[in-house]
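These notes are about the structure you will find just below.
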Amino acid sequence: MRNTTKRAYVLFALIAVFFIGFAILAVRFGMNGEKWATDVHNELLATTRVPSLYDKSTITDRNGKMLFESDKDKGHNWSADPTIRKATLHVVGDAGNIGSSILKQSKEIILEPTYTYDLVNGLQVTKVQEGDDVDRDIQLTIDADVCKTAYQAVISYSAGANRGTIMAYNYKTGEVYCLTSLPSYDPKNPPKEPESGTYYNKALSSTFTPGSTFKIVTSICALENGKADYRFNCNGVVKVGGRDIECYDKTKHGNLTIQTGLNQSCNGIFSQLAVELGKEKIAKTVNQLGFTSTVYINGVQTGKNKFEIDEASVHEVGKIGMGQYRTEVTPCQMLMLMGAIANNGKAVIPTLIMDDPTNGQINENIHLNADTAATMKTFLRSNFTDYYESHSSAARDSVIKSLELCGKTGTAEHIDKEGNANDKNHAWFVGFSQREDFPVAIVVCLEDMPATAASGIGNAIPAACEVLKAIWNAHIVQP
Ligand SMILES: [Zn+2]
């Protein structure tokens, strides 16, 4: 009897321990159940590692022409045309050297599944499929053949320098038809020791002395500050701040307005005008035209332009007015300024990807009123009709004449870090077609040409005309 009682007590004790343990478990389950179910070791919740675009994607031009493709079976392939590979390298990219390229911009993506958890139903997992959030077929806005024409034009017109960039876009939609940057290389055979500047997208990231293309900015400043009727008598040399500023070849341009000064690219009128406008007004216009800001083009931030005027002497303010001194701009900045003048004051931001949600955005940093834009359009149109057409056979071409081009050339002295000019010049052209059915703007910057050979009219205009004709002949512009 005694033994039976003892056993019963032991049994009750065991049952009690069991219920206490169960109660503890239930409480802890309620408190920590979600944590246990979603432990990192739970296979249901494994993350999916999506290969980068470089390892799995197809990139085509606007016409569906393959520029890059890669997957596990095929490996990495580029266009079959070696010149197209070089001409489109800075947009498409390679194994990772070109920072601004589409391939480099796409980082490796890790996709995590989503789940819900509750005490009754436990864990409910929505598995992710590879590619759910990643568009692997990218169609670019560029035309590969037009890029090839542009690449060859830089080589043809840069007197052996083989450096520079050409970028052209639709100033109403923002679609970039052409963007090429030299020096370049074949992504199938990357060089061990590339030339300096090879990895830069010169149109978006590099800055150059703008030279006479900057006279557009000085003109806008004059128009907006009551000096639309400015007159100047050019004797070939003018004293500004006690030192001479010469016109090219000391040409005596005679009596000038802003328009005829632009036509002949007189240095005297724009340096004197800048001094009379003064630092504050020039700095304000530069700021209003977006030169002190950057924009993002499909995730790539444009290079920072350089503009310093506060410490400049009177003579240096004169130099600023004609696009020299320490001013440096990205070719893309000049392209957007052309876009603003062409498009009634509104600068559409360039875009490289078809049907991207950001397409068609306006650059809110550029403030140009529609009246000033219209006057500038008249001035820049007269550069062609009253000057370039009589000085450049490329500008007289019948197709080019039919495009009703507006624009400005420049020959800029390359100023080094110490503020001295070296013997290399940049040849510039910035411009656009004023035709409603051909809203195309273009920038050409042929970098570091031998100073004796560099000329906006002789080199940059013919290069621009070849590219504009290629765009025209490709029938890709939808008005
Ligand atoms: Zn002059």
Side-chain angles (χ1 to χ4, degrees), residues 209-223 225-279 281-282 285 309 312-327 329 334 375-376 378-392 395 406-415 421 425-431 449 451-461:
T209 308
S212 299
T213 61
F214 197 81
K215 290 169 183 170
I216 296 168
V217 177
T218 310
S219 302
I220 290 171
C221 184
L223 292 176
N225 288 285
K227 288 194 182 289
D229 298 323
Y230 191 76
R231 294 282 187 281
F232 181 83
N233 189 4
C234 170
N235 297 313
V237 184
V238 61
K239 278 236 184 303
V240 177
R243 287 171 62 197
D244 286 350
I245 283 183
E246 292 178 3
C247 284
Y248 179 72
D249 256 358
K250 293 191 187 174
T251 307
K252 293 180 168 63
H253 291 121
N255 282 312
L256 297 171
T257 60
I258 292 176
Q259 178 172 335
T260 56
L262 275 174
N263 294 163
Q264 302 180 66
S265 210
C266 174
N267 288 335
I269 182 172
F270 290 102
S271 51
Q272 188 60 40
L273 188 51
V275 170
E276 290 183 33
L277 284 161
K279 291 181 182 181
K281 291 195 171 78
I282 292 178
T285 299
I309 199 166
S313 68
V314 173
H315 182 76
E316 287 162 347
V317 171
K319 287 276 194 178
I320 288 170
M322 54 183 265
Q324 289 291 152
Y325 191 53
R326 294 180 190 157
T327 309
V329 299
M334 294 308 292
T375 308
M376 284 310 301
T378 311
F379 289 177
L380 297 181
R381 177 72 189 129
S382 78
N383 282 346
F384 269 85
T385 54
D386 299 355
Y387 198 81
Y388 303 152
E389 282 174 15
S390 55
H391 287 75
S392 157
C406 308
K408 180 75 192 83
T409 56
T411 309
E413 290 181 355
H414 184 150
I415 307 295
N425 286 354
H426 311 313
W428 281 89
F429 174 74
V430 296
M449 290 181 65
T452 48
S455 147
I457 293 182
N459 307 95
I461 281 191

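Predicted model, so just to flag it, every value in this text is computed and none were measured. Whatever order the structure lists ligands and atoms in, that order sets their numbers, starting from 1. Position 1 is the first residue of the sequence; numbering continues from there.
Inside a sphere of radius 2.8 Å centred on the Zn ion (ligand 1), the protein N/O/S atoms present are Cys234 SG, Cys247 SG, His253 ND1, Cys266 SG.
Glu389 approaches Ala395 most closely through the heavy-atom pair CG-O, 3.6 Å. Val317 and Ala312 make their closest contact through CG2-CB, 4.1 Å (heavy atoms, listed as atom of the first residue, atom of the second, distance). Of all the heavy atoms in Ser271 and Val240, the pair that sits closest is OG-CG2, 3.9 Å.
With hydrogens and angles ignored, the 3.5 Å screen pairs no side-chain donor or acceptor of Thr209 with any backbone N or O of His414.
Considering only residues two or more places apart in sequence or on other chains, Phe384 meets the ring-ring contact (aromatic ring centres under 6.0 Å, His included) condition with Tyr388, Phe429.
There is a side-chain donor-acceptor pair under 3.5 Å between Lys408 and Ser265.
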